[in-house]
Engineer: 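Submitted below is the structure of interest, expressed as structure tokens.
All values below were derived from every heavy atom in this structure, side-chain atoms included, with hydrogens, water molecules and symmetry-related copies excluded. As the structure is a computational prediction, the values presented were derived from the model and not from experiment.
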Amino acid sequence: MLRCFCLSLLVVTVSAGHPCTSFPASLKQLDAGSGMVFGVSDSGQVFNWTGNEFLPVAGQQLAHVTVGPAGVWGVAKDNVVYKLQGTQWKTKTGQSLKQADAGGSAFLVGVNTNNITVCLNNGFTSTRCTAVKFSTIEGNFIYYSCGLRGCWAVSSDPTNNVFYRENVNQTVCQGSSWTRVNGNMIKVEIGTDGTVFAVDSDGYLYRRSGISDVNPTGTGWDVQNYPLYISHATYDDGTLWFVAENGVVLKCRVS
């Protein structure tokens, strides 16, 4: 395993047994889903992956962006929620969010400024109306993400415990109950195919093993031996994206 990357230039190399390409994109967060990738910089500039580079998206500065079956959504620094409708960012009222995720089956989830998880059923994610009605979910969390086999959350207490939300679907996005999953992470991201990756407070990246239809929470966390501090990761269609030091983005093909 190689122990370093050239981070100032575009390079192709291998880490953790996976072929990776690095891009000096200076992003702080990104999200992949439904064949698309969006990211944001420290200044709030939104970027879209075009197939070989990140290009700026005009119209609205954001602190967080997400893309998936529910469309492209974002949260601004003032916690206002936006959805990209055509080429324009449109405000959506009802909650002040600090994080959102569009990876569920045409529904949106997120965490509001009081660390309460919320969601929008698919009827509200598809409307062009400004006013939408979020459903609230019990518990206090800092991160919430959904994919093919359900939703995962990270608790807001100092231990950053991981939880799985039972019985979530596109018409009942709030689900029924929380199940504690082993591990302590600061972010958990779910691909649209149900693959789960997580990042801990030390910058290590993990992949959840043993996930299936009969066991959607899997069996354990497998550390991914990338020789970099990782602040954010996202996965879609066999490609893992993550943000490393200085906002450098790595794109890795994984099996």
Engineer: Could you give the distance from OG (Ser22) to CG (Leu250), rounded to the nearest 0.5 Å?
Structural biologist: 5.5 Å
Engineer: Holding to side-chain contact (heavy atoms from CB on, under 4.5 Å), I want the full list of residues that pass it with Asp157, two or more places apart in sequence or in another chain.
Structural biologist: Ser155, Thr159, Asn161
Engineer: Enter the distance from Thr234:OG1 to Gln29:CD here, rounded to the nearest 0.5 Å.
Structural biologist: 8.5 Å
Engineer: Among side-chain atoms of Glu166 and Thr179, is any donor-acceptor pair under 3.5 angstrom?
Structural biologist: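 A pair is found: one side chain offers a donor N or O, the other an acceptor, under 3.5 Å apart.
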Engineer: Would you say that Lys98 contacts Asn115 through its side chain, given a criterion of any heavy-atom pair below 4.5 Å between the two side chains?
Structural biologist: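 Side chain of Lys98 against side chain of Asn115, heavy atoms only: contact under 4.5 Å found.
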Engineer: Does one hydrophobic cluster hold both Tyr204 and Val181, with members joined at side-chain heavy-atom distances below 4.5 Å?
Structural biologist: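 Per the 4.5 Å side-chain linkage, Tyr204 and Val181 are co-clustered.
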Engineer: For residues Leu84 and Trp73, determine if any side-chain heavy atom of one lies less than 4.5 Å from a side-chain heavy atom of the other.
Structural biologist: no
Engineer: Taking the six-membered ring where the residue is Trp, are the ring centres of Phe197 and Phe242 under 6.0 Å apart?
Structural biologist: no
Engineer: Is any side-chain heavy atom of Asn48 less than 4.5 Å from a side-chain heavy atom of Phe54?
Structural biologist: no
Engineer: For the residue pair Tyr144 and Trp178, is the inter-centroid distance of their aromatic rings smaller than 6.0 Å?
Structural biologist: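 Aromatic pair counts; centres sit under 6.0 Å.
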Engineer: Does any donor atom in the side chain of Thr195 or Asp193 lie under 3.5 Å from an acceptor atom in the other side chain?
Structural biologist: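 Yes, because at least one side-chain N or O of Thr195 sits under 3.5 Å from a partner of the opposite role on Asp193.
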Engineer: Do Arg207 and Val254 make a side-chain contact, defined as non-hydrogen atoms from C-beta onward lying under 4.5 Å apart?
Structural biologist: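 They are in contact (side-chain heavy atoms under 4.5 Å apart), so the answer is yes.
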Engineer: How long is the gap from NE2 on His64 to CG on Leu97, to the nearest 0.5 Å?
Structural biologist: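 That separation rounds to 9.5 Å.
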Engineer: Do Met36 and Tyr82 sit in the same hydrophobic cluster, where Ile, Leu, Val, Met, Phe, Trp and Tyr count as joined when their side-chain heavy atoms come under 4.5 Å apart?
Structural biologist: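 Result: yes, single cluster for both.
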Engineer: Looking only at heavy atoms, which two atoms of Thr66 and Ala100 are closest? And how far apart?
Structural biologist: CB-O, 3.5 Å
Engineer: Can you tell if the side chain of Asn182 reaches within under 4.5 Å of the side chain of Val162, non-hydrogen atoms only?
Structural biologist: no
Engineer: Can you pull the disulfide bond (SG atoms under 2.5 Å apart) pairs that have at least one residue in residues 199-229, sequence neighbours excluded?
Structural biologist: none
Engineer: On a heavy-atom basis, which atom in Ala63 and which in Val40 lie closest, and how many Å separate them?
Structural biologist: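 Smallest heavy-atom distance, with atoms named: O-CG2, 3.6 Å.
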Engineer: Pair Arg253, Thr239 - check side chain to side chain contact (heavy atoms under 4.5 Å, CB included), show working.
Structural biologist: CA-CA 5 Å; Arg253 193 69 184 172; Thr239 300; 2.8 Å; yes
Engineer: Is the Phe23 ring parallel, tilted or perpendicular to the Trp49 ring (thresholds 30°, 60°)?
Structural biologist: perpendicular
Engineer: Looking only at non-hydrogen atoms, find the nearest pair between Trp89 and Gly59 and report the distance.
Structural biologist: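 For Trp89 versus Gly59, the nearest heavy atoms are CD1-C, 3.9 Å.
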Engineer: Looking only at atom types and distance, does a side-chain atom of Glu53 sit under 3.5 Å from a main-chain N or O of Gly51, one as donor and one as acceptor?
Structural biologist: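 No.
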Engineer: Would Phe107 and Phe124 count as a close aromatic pair, with their ring centres under 6.0 Å?
Structural biologist: no
Engineer: Sort out for me which residue in Val249, Leu30, Leu27, Leu205 forms a side chain to side chain contact (heavy atoms under 4.5 Å, CB included) with His232.
Structural biologist: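 So the option named by the test is Leu30.
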Engineer: Are any side-chain N or O atoms of Asn246 and backbone N or O atoms of Val248, one a donor and one an acceptor, separated by less than 3.5 Å?
Structural biologist: no
Engineer: Where the side chain of Ser135 meets the backbone of Gln174, is there a donor-acceptor pair that is under 3.5 Å apart?
Structural biologist: no
Engineer: Using the rule given for ring pair (Phe, Tyr, Trp, His ring centres under 6.0 Å), can you reason through Phe38 versus Trp241, listing the C-alpha separation, both sets of side-chain angles and the distance that settles it, and then say yes or no?
Structural biologist: CA-CA 11 Å; Phe38 282 78; Trp241 300 78; over 10 Å; no
Engineer: Just so I know, are the side chains of Leu148 and Thr192 near enough to count as touching, which here means a heavy-atom distance under 4.5 Å?
Structural biologist: no
Engineer: The criterion is ring pair (Phe, Tyr, Trp, His ring centres under 6.0 Å); which residues satisfy it with Tyr143, sequence neighbours excluded?
Structural biologist: none
Engineer: Just verifying a value: how many Å separate Ser231 OG and Lys187 NZ, rounded to the nearest 0.5 Å?
Structural biologist: 5.5 Å
Engineer: Yes or no on side chain to side chain contact (heavy atoms under 4.5 Å, CB included) for Thr91 and Val80, after CA distance, side-chain angles and deciding distance?
Structural biologist: CA-CA 7 Å; Thr91 305; Val80 173; 3.7 Å; yes
Engineer: Going by atom types only, do Gln88 and Lys83 share a side-chain donor-acceptor pair under 3.5 Å?
Structural biologist: no
Engineer: State, yes or no, whether a side-chain contact exists between Val67 and Val65 at a heavy-atom distance under 4.5 Å.
Structural biologist: no
Engineer: Grab the two heavy atoms, one from Ser34 and one from Pro69, that are nearest each other, plus how far apart they are.
Structural biologist: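 Residues Ser34 and Pro69, closest heavy atoms: OG-N, 3.3 Å.
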Engineer: I'd like to know if Arg165 and Glu138 make a salt bridge, using a cut-off of under 4.0 Å between side-chain N and carboxylate O.
Structural biologist: yes
Engineer: Just by distance, no angles: are the side chains of Asp200 and Tyr206 close enough, under 3.5 Å, to form a donor-acceptor pair?
Structural biologist: yes
Engineer: Please say yes or no: joined through hydrophobic side-chain contacts below 4.5 Å, possibly via intermediate residues, are Val37 and Val72 part of one cluster?
Structural biologist: no
Engineer: Could you tell me whether a side-chain N or O of Asn160 sits under 3.5 Å from a main-chain N or O of Ile186, the two making a donor and an acceptor?
Structural biologist: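 No: the side chain of Asn160 does not pair with the backbone of Ile186.
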Engineer: Does the side chain of Asn121 come under 3.5 Å of the side chain of Thr171 through a donor N or O and an acceptor N or O?
Structural biologist: no
Engineer: Has the side chain of Glu189 got a donor or acceptor atom that lies under 3.5 Å from a matching backbone atom of Val199?
Structural biologist: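 Not confirmed, Glu189 side chain does not pair with Val199 backbone.
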Engineer: Can you name the closest pair of heavy atoms from Leu228 and Ala244 and give their distance?
Structural biologist: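 Minimum heavy-atom separation between Leu228 and Ala244: CD1-CB, 3.9 Å.
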Engineer: Before you tell me yes or no, could you show the steps for Asn79 and Ser96 under side-chain hydrogen bond (donor to acceptor under 3.5 Å, both in side chains), namely the whole-Å CA-CA distance, both residues' side-chain angles and the distance that decides it to 0.1 Å?
Structural biologist: CA-CA 5 Å; Asn79 306 115; Ser96 296; over 6 Å; no
Engineer: Could you please spell out the steps behind the side chain to side chain contact (heavy atoms under 4.5 Å, CB included) verdict for Trp152 and Val196?
Structural biologist: CA-CA 9 Å; Trp152 297 62; Val196 177; 3.8 Å; yes
Engineer: Does a donor on one side chain and an acceptor on the other come within less than 3.5 Å for Ser156 and Asn140?
Structural biologist: no
Engineer: Is there a side-chain contact between Asp101 and Leu108, using heavy atoms and a 4.5 Å cut-off?
Structural biologist: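 Asp101 does not reach Leu108 side chain to side chain.
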Engineer: May I ask whether Ile116 and Phe141 are part of the same hydrophobic cluster, defined by side-chain heavy atoms of I, L, V, M, F, W, Y residues being less than 4.5 angstrom apart, directly or through others?
Structural biologist: no
Engineer: Assess the residue pair Lys92 and Gln85 against the criterion (side-chain hydrogen bond (donor to acceptor under 3.5 Å, both in side chains)); give the C-alpha distance rounded to whole Å, side-chain angles, the decisive distance to 0.1 Å, and a yes or no.
Structural biologist: CA-CA 11 Å; Lys92 300 294 178 176; Gln85 295 179 181; 2.8 Å; yes
Engineer: Out of curiosity, does Tyr164 fall in the hydrophobic cluster containing Val168 (side-chain heavy atoms, cut-off under 4.5 Å, transitive links)?
Structural biologist: no
Engineer: Could you grab the distance from atom CZ of Arg149 to atom CZ of Arg208, nearest 0.5 Å is fine?
Structural biologist: 13.5 Å
Engineer: I need the Asn169 CG to Ser176 OG distance, nearest 0.5 Å.
Structural biologist: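 Output value for this atom pair is 10.0 Å.
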Engineer: Provide the closest heavy-atom pair for Pro216 versus Asp213 in the form atom of the first, atom of the second, distance.
Structural biologist: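 Closest heavy-atom pair between Pro216 and Asp213: CD-O, 3.9 Å.
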